[in-house]
Asks: 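Below is one structure. I have some questions about it.
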Number of protein chains: 2
Amino acid sequence: MKRSLEHIEYNQDTEAMAKFAKALGHPTRIAILKHLENQSCCFTGDLVEVFPLAQSTISQHLKELKNAGLIQGELKPPKIKYCIQRDNWNKAKSLFLEFFE
Amino acid sequence: MKRSLEHIEYNQDTEAMAKFAKALGHPTRIAILKHLENQSCCFTGDLVEVFPLAQSTISQHLKELKNAGLIQGELKPPKIKYCIQRDNWNKAKSLFLEFFE
DNA sequence: AAAACCTATCGTATATTTGCGATAAGCAAT
DNA sequence: ATTGCTTATCGCAAATATACGATAGGTTTT
């Protein structure tokens, strides 16, 4: 990408919402989050069984959701338990609510 | 992208929401939509003056929003007036509402 | 210490996205 | 018909995203 202009400055809410939206912009990630909502939490392995995707692919999607702040991982040896990150979840929620009015 | 599996089948709502989210996944497009909400409608040229981006770039973002169904263009020669597509907007709204509960 | 299990990361291939300038396309007015 | 105005599209370049297999890293159990 050519970035002649040193990154446009947007409103902070705009940036935050775009970041959340981007993370939600893939059906697999939506599905993962819906799954997490139902189960409240789950392990990577559970998801690998639910979705016909390679373990590395699932892991990558989880990483993106984590980077966006929508989920968080908790070490439960020998597994890792992923849960919704409620603070950011609520933040995203209110951003979308406000956006759509 | 390698697609060994012939495209995973997701729930229709999941697919729809991911499509909307993807369109919202860029700050410029969020900003354009916010602008449209304020003004109710506007022309491509207006946006070119608001954002420090090339006209072709703006046009491309508008195209994506149109493809996602979030806006619609109406010919007002010699200009084109863009407005929010209310039906799909409301659909997106309810999808996100339901998603976040 | 070794084996087994679970998950993350690396390397690779391909597709998509983002952005620009240049050009084309459509319409109005001259 | 030509000009001018507005917007879309094309062609390019660079960055990101998506998916996989292979491998590494960390824990627990043997």
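These numbers were taken from a predicted model, which means no experiment stands behind them. Convention: sequence-line order gives letters A, B, ...; per-chain numbering from 1.
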Asks: Out of D:dT7, D:dG21, C:dG19, which nucleotide sits closest to the side chain of B:K79?
Replies: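 Output: D:dT7.
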Asks: Let me confirm one number: the CG-OG1 distance from A:L47 to A:T57, rounded to the nearest 0.5 Å.
Replies: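 A:L47 CG to A:T57 OG1: 12.5 Å, rounded to 0.5 Å.
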Asks: Rounded to the Å, how far apart are A:L65 CG and D:dT18 P?
Replies: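 Distance, rounded to whole Å: 11 Å.
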Asks: When the distance from CG of B:N67 to P of C:dT16 is rounded to whole Å, what number comes out?
Replies: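 Distance check: B:N67 CG to C:dT16 P gives 14 Å.
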Asks: I'd like a table of atom pairs between the protein and nucleotides 8-10 of chain D - only N or O on both sides, under 3.5 Å - with the distance next to each one.
Replies:
unit_1 : atom_1 : unit_2 : atom_2 : d
D:dA8  : OP1    : B:Y82  : OH     : 2.1
D:dA8  : OP2    : B:S59  : OG     : 2.8
D:dA8  : N7     : B:Q55  : NE2    : 2.9
D:dA8  : N6     : B:Q55  : OE1    : 2.9

Asks: Rounding to a whole Å, what distance do you find between B:L53:CG and C:dG21:P?
Replies: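 Computing the B:L53:CG to C:dG21:P distance gives 11 Å.
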Asks: Rounded at 0.5 Å granularity, tell me how far CD1 in B:I84 sits from CD in B:Q39.
Replies: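 It comes to 11.5 Å.
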Asks: Write down the distance between CG (A:L47) and P (C:dC6), rounded to a whole number of angstrom.
Replies: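 From A:L47 CG to C:dC6 P: 14 Å.
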Asks: Can you list the residues that meet the side chain to side chain contact (heavy atoms under 4.5 Å, CB included) rule with A:S94, with sequence neighbours excluded?
Replies: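 Counting only residues at least two positions away or on another chain, A:S94 forms no side chain to side chain contact (heavy atoms under 4.5 Å, CB included).
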Asks: Is there a side-chain contact between A:L33 and A:L24, using heavy atoms and a 4.5 Å cut-off?
Replies: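 SC-SC contact between A:L33 and A:L24 confirmed.
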Asks: Tell me if the CD atom of B:E98 is crowded by more than 12 foreign heavy atoms within 6.0 Å.
Replies: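 Counting neighbours around CD of B:E98, 12 or fewer heavy atoms of other residues, nucleotides or ligands fall under 6.0 Å, so no.
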Asks: Figure out the NZ/P separation between B:K81 and D:dT6, and round it to whole Å.
Replies: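 Interatomic distance, NZ of B:K81 to P of D:dT6: 17 Å.
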Asks: Below 4.0 angstrom, which residues in residues 11-25 of chain A have at least one non-hydrogen atom near DNA chain C?
Replies: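 Within residues 11-25 of chain A, no residue comes under 4.0 Å of DNA chain C.
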Asks: Using whole Å, report how far CD1 of B:I32 lies from P of D:dT7.
Replies: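 Spelled out: CD1 on B:I32 to P on D:dT7 is 13 Å.
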Asks: Got B:K66 and B:L62 here, is their nearest side-chain heavy-atom distance under 4.5 Å?
Replies: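 No; the side chains remain at least 4.5 Å from each other.
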Asks: Sort and list the pairs that fulfil salt bridge (Lys or Arg N to Asp or Glu O under 4.0 Å) and have at least one residue in residues 22-36 of chain B, not counting sequence neighbours.
Replies: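 Applying salt bridge (Lys or Arg N to Asp or Glu O under 4.0 Å) to every pair that reaches into residues 22-36 of chain B, excluding sequence neighbours, yields B:R29-B:E64.
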Asks: Once you round it to whole Å, what is the distance between C1' of D:dT7 and CD of B:E49?
Replies: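 After rounding, the gap between these two atoms is 14 Å.
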Asks: Measuring from the side chain of A:E64 (C-beta onward, heavy atoms only), which nucleotide among D:dT18, C:dT7, D:dC20 has the closest atom?
Replies: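 Taking heavy atoms from C-beta onward, the closest nucleotide is D:dT18.
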Asks: What string of B, S and - do you get for nucleotides 25-30 of chain D, 5' to 3', when a contact is any protein heavy atom under 4.0 Å?
Replies: --SS--
Asks: How many Å lie between CD on B:Q72 and P on D:dT7, as a whole number?
Replies: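 One finds 16 Å between P of D:dT7 and CD of B:Q72, rounded.
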Asks: Check the hydrophobic clustering (I, L, V, M, F, W, Y; side-chain heavy atoms under 4.5 Å; chains of links allowed) and say if A:F43 and A:L53 are grouped together.
Replies: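 Hydrophobic grouping puts A:F43 apart from A:L53.
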Asks: Given C:dT17, is OP1 or OP2 found less than 4.0 Å from the side-chain N or O atoms of B:H61?
Replies: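 Answer no for this pair, as no side-chain N or O of B:H61 is under 4.0 Å from OP1 or OP2.
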Asks: Side chain to side chain contact (heavy atoms under 4.5 Å, CB included) with B:Q72: which residues, sequence neighbours excluded?
Replies: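 Result, side chain to side chain contact (heavy atoms under 4.5 Å, CB included) vs B:Q72: B:Q85.
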Asks: Once you measure the plane-to-plane angle for B:H61 and B:H26, does it fall in the parallel (<30°), tilted (30-60°) or perpendicular (>60°) bin?
Replies: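 Aromatic pair B:H61/B:H26 classed tilted.
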Asks: Would you say the ring centers of A:F99 and B:W89 fall short of 6.0 Å from each other?
Replies: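 They qualify: ring centres under 6.0 Å apart.
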